[in-house]
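Following: one structure in structure tokens, then a few remarks.
Atoms considered below: every heavy atom in the structure, side chains included; atoms not considered: hydrogens, waters and symmetry mates. Whatever order the structure lists them in is the order used to number ligands and atoms, beginning at 1.
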Amino acid sequence: MTETYKALLGVRDDSGYRVEFQQLSSEQLGDGDVEVAVEYSTVNYKDGLAMSDAIPIVQKPSLILGIDMAGTVVKSESSRFQVGDKVLMNGYGASETHNGGYTERLRISSDYLLKVPEAFTTRHAMLLGTAGYTAMLSLLRLEQLGISSESGEVLVTGASGGVGSVSIMLLAGLGYTVAASTGRLEESDYLKSLGANSVIDRRELSEAGEMMQAPRWAAAVDSCGSHTLANVIAQLHYNGAVAACGLAQGLDLPGNMMPFALRNVALLGVDSVHAPMALRERAWQRLAESVDLNKLEAMAVEIDFDNLPDAAGQILQGKIRGRAVVNIAAR
Ligand SMILES: NC(=O)c1ccc[n+]([C@@H]2O[C@H](COP(=O)([O-])OP(=O)(O)OC[C@H]3O[C@@H](n4cnc5c(N)ncnc54)[C@H](OP(=O)(O)O)[C@@H]3O)[C@@H](O)[C@H]2O)c1
């Protein structure tokens, strides 16, 4: 009997958009010089968007969803990877223009793959996933500008989410004084266990604010956008910087020029999807050196492969705390 592999696909046709499980044969796995037995994947905010089509992510009539995966190479025509290698993939257009990680078997171009750092298992790699890797890209952006633990207090918004939780852990591990902004004040103990020194109510930041506000933060990692980002910019110290990586509150940026012209602040973009390979390798190496594996496990929520479609609404409604990991191989 022909072997088939379970996968979760986004399908767009004349009847609209739907998400469905399919059993794919080897011939249906598409092109690529490497085949991976997927062990773990994750649920990121963008996976929620892709599964719900709240913002259209899937750009082909039919694609395997999931922007992340980690697993073991089972076939390789690439000189970079051997059978048995542990590999991971983040973004690079997965579930947008080519197949992603919600599948038992992925055939993919080796251009999109990295080796899992030795310090990590495939589960660790997916506990971090795109959210954790983006938290590290945000930290690297701040460091590029000379921000350090000596600079002053750093704010993390969307603190209970994936990017937020990992950012707190990383910054606190490096000795930063970290303030966490959250809509879930009941998670204050959780945020402090990751290393936050203080917790603020996100409502302090989520409404339209003054053009210039009392300086509070040397730097910030913002995964919310909209008024939150505008207020964070207005509250940065002289020479402060914010790494702006997300849009959980909104796509808009209703701010003004004053903090840039009068406080020399910097607004730093962060893109995980098309980040070049050298930067990805650097980010994952730094993660391997910096992550506290106990804290990483403490932020984990397990999602069953079968229940993935339900997780879309949960993450878009801000109901998932920390990082959601999907054990694909457990079936
Ligand atoms: N630039 C990139 O390459 C890149 C990469 C990864 C992620 N992202 C973006 O970063 C954001 C976070 O991703 P994630 O995977 O960490 O998502 P997540 O786990 O859902 O975290 C987002 C957090 O934002 C907060 N939040 C939700 N709705 C909000 C609202 N209306 N106003 C203010 N805060 C709100 C919530 O934290 P609290 O409950 O603590 O308030 C939520 O947990 C998303 O927008 C995602 O698309 C971008």
Side-chain angles (χ1 to χ4, degrees), residues 41-52 54-55 57 66-68 90-96 126-141 155-170 178-192 194 196 199-207 220-232 242-253 267-276 279-280 283 299-301 303 311-325:
S41 186
T42 72
V43 183
N44 297 277
Y45 193 88
K46 190 170 179 178
D47 295 309
L49 294 175
M51 286 190 277
S52 66
I55 295 178
I57 301 290
I67 66 171
D68 284 325
N90 307 120
Y92 258 145
S95 103
E96 293 181 70
M126 287 298 99
L127 275 175
L128 288 161
T130 285
Y133 146 68
T134 300
M136 179 52 81
L137 291 179
S138 301
L139 172 62
L140 292 174
R141 286 291 264 154
L155 176 70
V156 174
T157 66
S160 306
V163 175
S165 293
V166 179
S167 292
I168 293 168
M169 174 184 64
L170 293 174
V178 183
S181 165
T182 184
R184 291 180 262 182
L185 290 172
E186 68 277 13
E187 296 294 356
S188 294
D189 287 346
Y190 162 75
L191 296 169
K192 287 182 177 168
L194 297 179
V199 178
I200 67 169
D201 188 331
R202 79 181 188 202
R203 286 178 298 188
E204 286 184 37
L205 298 166
S206 57
E207 303 296 328
V221 176
D222 175 60
S223 52
C224 297
S226 193
H227 288 298
T228 300
L229 178 55
N231 284 318
V232 169
V242 53
C245 61
L247 44 85
Q249 184 180 6
L251 288 160
D252 57 331
L253 178 49
L267 172 58
L268 307 170
V270 179
D271 167 46
S272 67
V273 178
H274 300 293
L279 177 58
R280 287 166 190 265
M299 63 178 82
V301 180
I303 307 274
Q314 290 172 34
I315 195 154
L316 294 182
Q317 290 160 28
K319 288 187 177 156
I320 291 184
R321 186 186 84 173
R323 293 286 301 128
V325 66

Query raised in the report: Given the rule in the side chain to side chain contact (heavy atoms under 4.5 Å, CB included) test, do Ile200 and Leu155 qualify, once you have shown the distances and angles that lead to the verdict?
Result: CA-CA 10 Å; Ile200 67 169; Leu155 176 70; 4.1 Å; yes
**Report entry** Exam field: side chain Arg202 to backbone Thr228, donor-acceptor pair closer than 3.5 Å
**Finding:** no
Query - N-O pairing of Arg321 and Glu186 below 4.0 Å - result: no
Are there any N/O pairs under 3.5 Å between ligand 1 and the protein, and if so, what are their distances?
from: ligand 1; atom 1: 1 (N); to: Cys245; atom 2: O; distance (Å): 2.9
from: ligand 1; atom 1: 1 (N); to: Val270; atom 2: O; distance (Å): 2.8
from: ligand 1; atom 1: 3 (O); to: Ser272; atom 2: N; distance (Å): 2.7
from: ligand 1; atom 1: 3 (O); to: Ser272; atom 2: OG; distance (Å): 2.7
from: ligand 1; atom 1: 8 (N); to: Cys245; atom 2: O; distance (Å): 3.4
from: ligand 1; atom 1: 15 (O); to: Tyr45; atom 2: N; distance (Å): 3.2
from: ligand 1; atom 1: 16 (O); to: Gly162; atom 2: N; distance (Å): 3.1
from: ligand 1; atom 1: 16 (O); to: Val163; atom 2: N; distance (Å): 2.8
from: ligand 1; atom 1: 19 (O); to: Gly162; atom 2: N; distance (Å): 2.8
from: ligand 1; atom 1: 26 (N); to: Arg202; atom 2: NH1; distance (Å): 3.3
from: ligand 1; atom 1: 34 (N); to: Arg202; atom 2: NH1; distance (Å): 3.4
from: ligand 1; atom 1: 39 (O); to: Arg184; atom 2: NE; distance (Å): 2.7
from: ligand 1; atom 1: 39 (O); to: Arg184; atom 2: NH2; distance (Å): 3.4
from: ligand 1; atom 1: 40 (O); to: Ala159; atom 2: N; distance (Å): 3.4
from: ligand 1; atom 1: 40 (O); to: Ser160; atom 2: N; distance (Å): 2.8
from: ligand 1; atom 1: 40 (O); to: Ser160; atom 2: OG; distance (Å): 3.0
from: ligand 1; atom 1: 40 (O); to: Thr182; atom 2: OG1; distance (Å): 2.6
from: ligand 1; atom 1: 41 (O); to: Gly183; atom 2: N; distance (Å): 2.7
from: ligand 1; atom 1: 41 (O); to: Arg202; atom 2: NH1; distance (Å): 2.8
from: ligand 1; atom 1: 43 (O); to: Gly161; atom 2: N; distance (Å): 3.3
from: ligand 1; atom 1: 43 (O); to: Arg184; atom 2: NH2; distance (Å): 2.8
from: ligand 1; atom 1: 45 (O); to: Leu247; atom 2: N; distance (Å): 2.9
from: ligand 1; atom 1: 45 (O); to: Ala248; atom 2: N; distance (Å): 3.3

Query raised in the report: Do the side chains of Leu205 and Gln249 get nearer than 4.5 Å, heavy atoms only?
Result: no
Query raised in the report: Hey, does Ile67 have a side-chain heavy atom less than 4.5 Å from the side chain of Ile57?
Result: no
Query raised in the report: Do you know the tightest heavy-atom contact between Ala54 and Leu316?
Result: CB-CD1, 4.2 Å
